[in-house]
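Notes follow once the structure below has been shown.
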Amino acid sequence: MAKGITKRSEDYSRWYTDVIAAAKMADYSPVRGCMVIRPTGYAIWEKMQAGLDKMFKETGHVNAYFPCFIPESFMKKEAEHVEGFAPECAIVTHGGGKKLDEPLYVRPTSETIIWSMYKNWIQSHRDLPILINQWANVVRWEMRTRLFLRTTEFLWQEGHTAHATAEEAEAETRQMLEVYRTFAEEYMAMPVIPGIKTENEKFAGAERTYCIEAMMQDGKALQAGTSHNLGQNFAKAFDVTYQTEAGVREHVWATSWGVSTRLIGALIMTHSDDNGLVVPPKLAPLQTVLVPIWRGDDERAQILERANQLAADWKGKFSYKIDDRDNYRPGWKFNEWEKAGVPIRLEMGPKDLANNVVVMVRRDTGEKEILSQENLTAKISATLDAIQKNLYDNALDFREKNTHTVDTYDEFKERLENESGFYWVHWDGTTETEQRLQAETKATIRLIPLAPEPEPGKCMITGKPSPHRVLVAKAY
RNA sequence: CGGGGCGUAGCGCAGCUCGGUUAGCGCGCAUGCUUCGGGAGCAUGAGGUCCCCGGUUCAAAUCCGGGCGCCCCGACCA
């Protein structure tokens, strides 16, 4: 039934790219490592943007736009930042046919150019906080790329805030992490675990990085969003100070936070199946498609008339399309919309017309149901809600089934071989042990829980004391 | 950067080993008719720098040399 899509059990990577191709979400571009986001993929991004942007505004943020070119000298001002990003930057050396006096970095992230501006905008505590977000593209010259998950250029949002106190910055960082968690769970129907990154994994230039981690269907972890407490690092690098109420000059406290088009990859790998894309109703570009079935022009006219009558009640309640194309047959359409992940398909033919019913098919379960044409609108709305919930429940159930607790390194290594998934383990808190773990098993410490359950134990590798467990997994 | 695979019609491929008519096949595309409840059938038709450069030869998609590009897998990263 799913011609052209490799089964997940055969080859997970190929399945992933097949789903994207079958749903016409993206295409490879003439430029290595870059992708073209096609209308179907972009529509999902627009839905994500709409949901997130609303939440950003509700928490007091405003949008702005900063340039994509950053003077080299700016990039070099924060030591850890430049060290972290320099290897993966694209640099413009020529413009207008002439060599530039100073090379321009194509932004891999915008902290530096934004803080160069904040320096001018901030003098007094009265100027704080600044709560700016921008929707933009960024470029990171990755060695290996995968559609949506890691491309040389990608789209994202980056919030950059400035605060008078460390406490306020920390509260902001945590608040935005919570926004991401809510978005992932409520819109994407993707359960996530919030936490803190280890020193080793934190953002270049941050004091502390928070993240949300999700489990993909192959048991691997995917970092779905990050929120950084930047402390005073950028304020010091760019000499951004303000006068307190008491008249004292202090460096400003900063945060930054972002999610990217990678979320689309996360969405695919959380819900989709061997028949193609599955999209939760809240992010589906098209929520319901009605496929009319007819023989001959008379039936066609009758069916379409009834379909339009029914659909008149749907406006403003959910998005829909009546697929009245005459050049494709119903079976072909069923398949196409299935691959595209449309949550609900309705079928209506002559028999249904005679019986005053329609056939409804759920994308998530494949269940067919014959519905009266009375109260159809309410039934569709309720089913969309049910699909949203079912997708979340399934994803959560999958994660729980694939989350393990282990105490010894031998057991960990053995189980990781056979069951990829999340592992809660004891760790002694050192970077050396973390690096050894990664070198020996390819798994990484994904996060330290926000509010860890105190559980004194011994590091599974070194046997040194550990106050609580951390989350370890192979990751994208 | 290492390992593997591959460049021939829009897409997927055969042909290459062993050089030889006008380079094929499937899907898709165009037109027409019949169809239409899970990827329709028939007929007709359009569509090619055989990745590039050089060499060998009467003759190269095919042999030789060099180059470029893409995909997959690993080391780094959202």
Side-chain angles (χ1 to χ4, degrees), chain A residues 1-6 11-18 21-22 27-34 84-89 108-109 137-158 180 197 200-204 209 211-214 221-228 256-266 275-276 291-297 299-300 303 323-339 345-355 357-359 361 366 368 370 435 438-439 442 444 474-476:
Chain A
M1 206 146 77
K3 255 188 272 175
I5 299 178
T6 306
D11 185 338
Y12 195 78
S13 291
R14 277 194 55 188
W15 166 80
Y16 176 76
T17 50
D18 287 350
D27 216 336
Y28 295 98
S29 82
V31 181
R32 179 194 140 75
C34 294
F85 280 106
E88 52 184 286
C89 284
T109 180
N137 61 334
V138 285
V139 168
R140 295 182 188 177
W141 216 263
E142 301 290 350
M143 291 184 254
R144 238 192 92 215
T145 57
R146 296 189 70 190
L147 293 175
F148 290 114
L149 293 178
R150 184 171 301 109
T151 47
T152 299
E153 180 192 18
F154 57 93
L155 305 183
W156 76 346
Q157 58 67 217
E158 46 181 327
Y180 290 154
K197 283 293 184 194
N200 198 37
E201 296 270 333
K202 76 176 189 192
F203 177 77
T209 290
C211 64
I212 51 173
E213 293 280 333
L222 186 130
Q223 179 175 305
T226 51
S227 183
H228 315 291
S256 70
W257 28 274
V259 296
S260 72
T261 37
R262 172 178 247 207
L263 289 182
I264 297 172
N275 294 324
V291 177
I293 296 152
W294 64 71
R295 284 163 305 185
D297 289 342
E299 275 185 7
R300 179 170 194 263
I303 299 279
D323 187 354
D324 61 357
R325 290 175 294 178
D326 203 9
N327 49 338
Y328 293 108
R329 299 165 75 254
W332 193 94
K333 294 177 183 175
F334 296 167
N335 197 260
E336 183 181 52
W337 294 117
E338 199 161 87
K339 288 187 300 190
R345 180 178 79 237
L346 301 172
E347 307 169 11
M348 187 168 67
K351 291 177 218 158
D352 304 312
L353 203 60
N355 297 327
V357 296
V358 298
V359 176
V361 184
K368 278 194 184 189
I370 295 171
Q435 286 171 344
Q438 185 168 359
K442 307 271 196 298
T444 49
K474 288 186 181 169
Y476 276 96

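Every chain is numbered from 1, with letters handed out A, B, ... down the list of sequences. Just so it is clear, the values below take in all heavy atoms, side chains as well, and ignore hydrogens, waters and symmetry mates.
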Candidates B:rG37, B:rG38, B:rC72 - which lies nearest the side chain of A:R329: B:rG37

Pairwise 5' ranking along RNA chain B for A:W332 and A:D11, keeping only the more 5' one: A:W332

Basic-acidic side-chain contact under 4.0 Å: A:E213, A:K197: yes

Side chain of A:K368 - closest among B:rG38, B:rC76, B:rC73: B:rG38

Sugar-phosphate, base or nothing in reach of A:V359, heavy atoms under 4.0 Å: base

Distance in angstrom units between A:E142 CD and B:rC72 P, rounded: 15 Å

Touch class at under 4.0 angstrom, heavy-atom based, for A:S260 against every strand present: base

Base partner of B:rG24, which must satisfy Watson-Crick or wobble distances under 3.5 Å: B:rC13

B:rA40: pairing nucleotide in any strand, Watson-Crick or G-U under 3.5 angstrom: B:rU34

Below 4.0 Å: OP1/OP2 of B:rA78 and any side-chain N or O of A:Y180: no

Touch class at under 4.0 angstrom, heavy-atom based, for A:R345 against every strand present: base

Whole-Å distance separating the CG atom of A:D323 from the C1' atom of B:rG38: 14 Å

Side chain of A:R144 (C-beta onward), nearest among B:rA75, B:rC76, B:rC71: B:rA75

Upstream residue (5' side of RNA chain B) when A:N200 and A:D297 are each assigned their closest nucleotide: A:D297

Presence of A:S13 side-chain N/O under 4.0 Å of B:rC73 phosphate oxygens OP1/OP2: yes

Closest to side chain of A:T151, choosing from B:rA78, B:rG37, B:rC36: B:rA78

Sugar-phosphate only, base, or nothing, as touched by A:K351 at under 4.0 Å among non-hydrogen atoms: base

Selected nucleotide, minimal atom distance to A:R140 side chain, candidates B:rG39, B:rA78, B:rC29: B:rA78

A:P350 side chain, from C-beta outward: closest of B:rG37, B:rA78, B:rC76: B:rG37

